Amino acid sequence: MRKLKIVQIVGTRPNFVKSAPLLKVLRKNSKHFDSILIHTGQHYDRNLSQLFFDDLKMPKPDIYLGVGSGSHAQQTGMIMIELEKVLMRLKPDLVIVFGDVNSTLAAALVASKLCLKLAHVEAGLRSFDNTMPEEINRIVTDRLSDILFVSEKAGQVNLENEGVQKEKVFLVGNIMIDSLVNNMETAQKSDVLNRLHLEPYKYIIATTHRPSNVDNGETLKVLINCFKDISNRLPVIFSCHPRTRQRIEEFGLLNGNENGQFRIVEPLGYLDFLKLQSKSKLVITDSGGIQEETTYLGIPCITLRENTELPATVDVGSNTICGTDPRKITSTVEQLLKGRYKKSGIPELWDGNTASRIVEVLKEELL
Ligand code: UD1
Ligand code: UDP
């Protein structure tokens, strides 16, 4: 029997976390599949890219497009130009894309125009907010995909409402949780708490990188002041994405009067950050992946957005949507510190076996 050539395309920090478990299971099934990894280069700093390949024990990408940063059109267009050449040469049997970043959209457009079969991991999620660039990437990618792997029930419902044929949609669970489960034991050996002089459950993590929160000087100022306020109660460790770092500098938001309790750190590697999350009192974030990881870990999470494409993290999990109103954020923190926070659970199929379920579907559909 001929082996099938499967190309996975990744470009950003959360993409690496989603593709690592699938690469592992595909390579275990090398009797059936030849697996090729393409990195677009959307994220290129060591601590957003190479460190994740190291921590997740991922093989070096077979092909690196080196596209880098730019406006949406520039970045998407550059990835398309470079990727088209590669996919025309490779002629894969299937292209797999992950999540909702520009690399996902660009790859979906190129693959479908070359009439290559396309699978989308993390399909069907919707924030119903088209001002979010990721929402546009998700809608277009799902529309073009032949196989749609869904992480939570709401995704299935959204796709059904959009008229996607049921036969193309597979509820397989959350692949980010596969990475979490696979790496939890190793992550516990990280000495990040010692390095940052933190005591378990006596600190709060904050992250923010959504354009709606950081590209507007007023909103970012409100958020930073809110984190500083909260740090009077417990230390706040602010993992600072490069987009956010640039904006903080551009808007001149740090005046040197920060108390030692509000600490800005460079983005951490996957294992350090997993350990840090697992021992935190609370995470305050606008990240999608972190809403999911805190849910699995049962760590309270405040989301700095007005909506989420991940309703299971709120309905079942430990997530609370607070938007950017500092009163709402601080009152939720106070409730939590008084011991009043909702009990949470883990959504269906978030169990560490999603990559295996995906590969079983691929065998059924393609072999
Ligand atoms: C991208 C995704 C977002 C995802 C996030 C994960 C899109 C539209 N956005 O946002 O959905 O949540 O990744 O972290 O795809 N930069 C660096 N070094 C790098 C990469 C970026 O300094 O290695 C800086 C550049 O100035 C760049 C800016 O960060 O312009 C934004 O990077 P970009 O990849 O365009 O978007 P993110 O904000 O990272
Ligand atoms: N992450 C990390 N170090 C950090 C911040 C985040 O390892 O300092 C991990 C996090 O655990 C999750 C992923 O990065 O696995 C989420 O990526 P990000 O928040 O950049 O993107 P999103 O999920 O919002 O698209």
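Please read all numbers here as calculations on a predicted model, not as lab measurements. Whatever order the structure lists ligands and atoms in, that order sets their numbers, starting from 1.
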For Ser239, the ligand 2 atoms with a heavy-atom partner under 4.0 Å come out as 4 (C), 5 (C), 8 (O)

Is His72 close to ligand 1, meaning an N/O of one under 3.5 Å from an N/O of the other?
no

For ligand 2, does Gln277 get within less than 4.0 Å through its side chain, its backbone, both, or neither, judged by non-hydrogen atoms?
side chain

When you measure from atom 11 (O) of ligand 2 to every protein heavy atom, which one gives the shortest distance, and what is it?
Glu293 OE1, 2.6 Å

Heavy-atom side-chain contact between Leu196 and Arg263 under 4.5 Å
yes

When you check the gap from the basic side-chain N to the acidic O, do Arg233 and Glu334 get nearer than 4.0 Å?
yes

Ligand 1 N/O within reach of His241 N/O, cut-off under 3.5 Å:
yes

With atoms numbered from 1 as shown, which atoms in ligand 2 lie under 4.0 angstrom from a non-hydrogen atom of Gly289?
22 (P), 23 (O)

I'd like to know if the side chain of Thr313 pairs up with that of Glu292 as donor and acceptor (distance under 3.5 Å, no hydrogens or angles considered).
no

Of all the heavy atoms in Glu292, does at least one lie under 4.0 Å from an atom in ligand 2?
no

Atom 39 (O) of ligand 1: of His209, Arg210, His43, the nearest heavy atom sits on His43

I want to confirm something. Looking only at heavy atoms, which of Arg13, Arg46, Gln42 is nearest to atom 7 (C) of ligand 1?
Gln42

Within a reach of under 6.0 Å around NZ of Lys153, are more than 12 heavy atoms found that belong to other residues, nucleotides or ligands?
no

Where do Asp272 and Arg195 land on the salt bridge (Lys or Arg N to Asp or Glu O under 4.0 Å) test, with the steps shown first?
CA-CA 10 Å; Asp272 281 347; Arg195 291 197 327 263; 2.7 Å; yes

In ligand 2, the atoms that come under 4.0 Å of a heavy atom of Leu268 are 2 (C), 3 (N), 4 (C), 7 (O), 8 (O)

Should Arg245 and Glu266 count as an ion pair when the cut-off is N to O under 4.0 Å?
yes

Are side-chain N/O atoms of Thr208 and Thr244 paired as donor and acceptor at under 3.5 Å?
no

Quick check: Thr207 and ligand 2, any N/O pair under 3.5 Å apart?
no

With heavy-atom distances below 4.0 Å as the criterion, list the atoms of ligand 1 near Leu48.
19 (C), 20 (C), 23 (O)

Under 4.0 Å between a Lys/Arg side-chain N and an Asp/Glu carboxylate O for Arg357 and Glu360?
no

Counting heavy atoms under 4.0 Å, the part of Pro211 that contacts ligand 1 is neither

In terms of residue, atom name and distance, what is the protein heavy atom nearest to atom 1 (N) of ligand 2?
Phe273 CD2, 3.6 Å

Classify the side-chain pair Asn213/Asp286 by whether it contains a donor and acceptor separated by less than 3.5 Å.
yes

N/O to N/O below 3.5 Å, does that happen between Ser287 and ligand 2?
yes

Residue, atom name and distance, where the atom is the protein heavy atom closest to atom 2 (C) of ligand 1
Val101 CG1, 3.6 Å

Ligand 2 atoms nearer than 4.0 angstrom to some heavy atom of Phe52 are 2 (C), 7 (O)

As a quick check of understanding, evaluate side chain to side chain contact (heavy atoms under 4.5 Å, CB included) for Gln8 and Ser35, giving each step before the final call.
CA-CA 8 Å; Gln8 292 190 50; Ser35 174; 4.2 Å; yes

Top protein contact for atom 22 (O) of ligand 1, by heavy-atom distance
Pro242 CB, 3.3 Å

Who's the nearest protein heavy-atom neighbour of atom 21 (O) of ligand 2, and how far?
Pro14 CG, 3.4 Å

Tell me whether Asp215 is salt-bridged to Arg243, with the criterion being a basic N under 4.0 Å from an acidic carboxylate O.
yes

Which of the atoms of ligand 2 are close to Pro267, meaning less than 4.0 Å from one of its heavy atoms?
8 (O)

Within ligand 2, which atoms have a heavy atom of Gly269 less than 4.0 Å away?
7 (O)

Is there a side chain to side chain contact (heavy atoms under 4.5 Å, CB included) between Arg126 and Glu135? Walk through the geometry before answering.
CA-CA 6 Å; Arg126 297 289 180 269; Glu135 183 75 354; 3.4 Å; yes

At what distance is the nearest protein heavy atom to atom 26 (O) of ligand 1, and which residue and atom is it?
Gln246 NE2, 2.8 Å

Test side chain to side chain donor-acceptor pair (under 3.5 Å) applied to Asn102 and Gln42, His72, Gln74, the passing residue:
His72

Which ligand 2 atoms, with their elements, are less than 4.0 angstrom from a heavy-atom of Gly288?
22 (P), 23 (O), 24 (O)

If the threshold is 4.0 Å, N to carboxylate O, is there a salt bridge linking Lys24 and Asp178?
no

Contact (N/O only, under 3.5 Å) between Tyr44 and ligand 1:
yes

Are the side chain of Ser179 and the backbone of Met176 linked by a donor-acceptor contact shorter than 3.5 Å?
no

Identify, for atom 8 (C) of ligand 1, the protein heavy atom at the shortest distance, and state residue, atom and that distance.
Asn102 OD1, 3.3 Å

In this structure, atom 27 (C) of ligand 1 is nearest to the protein heavy atom Ser69 OG, 3.3 Å

For Ser103 and Phe98, what are the C-alpha separation, side-chain angles and deciding distance, and is it a side chain to side chain contact (heavy atoms under 4.5 Å, CB included)?
CA-CA 9 Å; Ser103 297; Phe98 301 85; over 6 Å; no

Donor-acceptor pair, side chain of Tyr270 and main chain of Arg13, under 3.5 angstrom:
no

Right, does atom 18 (N) of ligand 1 have protein non-hydrogen atoms nearer than 4.0 Å?
yes

The answer for which part of Glu134 has a heavy atom under 4.0 Å from ligand 1 is side chain

Just which atoms of ligand 2 are under 4.0 Å from any heavy atom in Arg210?
22 (P), 24 (O), 25 (O)

May I ask you to check whether Phe16 and His39 place their ring centers less than 6.0 Å from one another?
yes

So is Arg13 polar-close to ligand 2, meaning N/O to N/O under 3.5 Å?
yes

Looking only at protein heavy atoms, which one is nearest to atom 38 (O) of ligand 1, and how far off is it?
Arg243 NE, 2.7 Å

Are the side chain of Trp350 and the backbone of Ser151 linked by a donor-acceptor contact shorter than 3.5 Å?
yes

Examine ligand 2 and decide if any of its atoms is less than 4.0 Å from a heavy atom belonging to His209.
yes

Please work out whether any backbone atom (N, CA, C, O) or any side-chain heavy atom from C-beta onward of Tyr270 is under 4.0 Å from ligand 2, and answer side chain, backbone, both or neither.
both

